[in-house]
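First comes the structure, then the notes that go with it.
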Amino acid sequence: MPFELRQAGPRVGGADSEDRPVRAVYTVKEVAGMLSLSVSSAYALVRAGQIPAERLGRRWVVPRTRFHAWLDGPAGGLSATGTDSPRRGW
């Protein structure tokens with residue numbers, strides 16, 4: 001089951017909710033909230049390439065479809081070691 005972002009504010013479930021298009025990207029702050037991470041940890045994972053993201057000018061954005069595919073993937077995103085690949089040398 002894919003993860004769905006809950007919208008904040010009084011417009012959630014309002015009459016205009018059906019009229020708004022689905023957003024193509026999340027902010028790193030939104031992704032941090034969805035993953036129960038601090039914003040600084042989420043930025044570190046984005047910069048390391050562990051959370052799929054793209055630079056738009058000076059901003060990082062997380063493409064919604066790539067994020068959900070990564071989250072729902074075979075490894076479920078990050079492994080127990082906090083990386084996408086197993087530890088070497090152990």
Side-chain angles (χ1 to χ4, degrees):
M1 176 168 90
F3 189 90
E4 293 186 38
L5 176 66
R6 293 187 302 167
Q7 298 285 332
R11 294 172 34 188
V12 174
D16 66 334
S17 65
E18 296 89 26
D19 298 334
R20 284 185 275 156
V22 174
R23 291 178 40 212
V25 296
Y26 296 128
T27 65
V28 175
K29 185 176 180 179
E30 289 170 327
V31 168
M34 286 187 273
L35 297 175
S36 299
L37 296 172
S38 68
V39 175
S40 61
S41 293
Y43 271 107
L45 292 170
V46 162
R47 283 190 297 272
Q50 294 178 346
I51 294 176
E54 300 290 328
R55 275 303 280 241
L56 285 181
R58 297 181 67 186
R59 292 182 54 204
W60 282 102
V61 293
V62 180
R64 183 176 123 2
T65 54
R66 285 181 50 207
F67 174 71
H68 288 286
W70 169 80
L71 193 62
D72 295 336
L78 297 176
S79 68
T81 61
T83 64
D84 287 329
S85 59
R87 276 191 170 184
R88 296 174 194 247
W90 287 80

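Only a predicted model underlies this, so the values are computations on that prediction, with no experimental measurement involved. In what follows, every heavy atom counts, from backbone to side chain, and hydrogens, waters and symmetry copies are set aside.
Atom OH of Tyr26 and atom CZ of Arg66 lie 14.0 Å apart (nearest 0.5 Å). Expressed to the nearest 0.5 Å, how far CD1 of Ile51 lies from CZ of Phe67 amounts to 6.5 Å.
In this structure, Val22 shares a hydrophobic cluster with no other residue, the cluster being traced through Ile, Leu, Val, Met, Phe, Trp and Tyr side chains under 4.5 angstrom apart.
Looking at residues two or more places apart in sequence or on another chain, you find no salt bridge (Lys or Arg N to Asp or Glu O under 4.0 Å) involving Arg59. Remark: Arg58 engages Arg55 in a side chain to side chain contact (heavy atoms under 4.5 Å, CB included) (not counting sequence neighbours).
Nearest approach of Arg23 to Arg64, heavy atoms of both residues: O-CD, 3.1 Å.
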Contacts under 3.5 angstrom, residues 39-48 side chains, donor-acceptor by atom type, not counting sequence neighbours:
| residue | atom | partner | partner atom | Å |
| --- | --- | --- | --- | --- |
| Ser40 | OG | Ser38 | OG | 3.3 |
| Ser41 | OG | Ser38 | OG | 2.9 |

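Side-chain heavy atoms closer than 4.5 Å link hydrophobic residues (I, L, V, M, F, W, Y) into clusters, and following such links, possibly through other members, connects Trp60 to Val31. Under the 4.5 Å side-chain heavy-atom criterion for Ile, Leu, Val, Met, Phe, Trp and Tyr, Met34 and Val62 are members of the same hydrophobic cluster.
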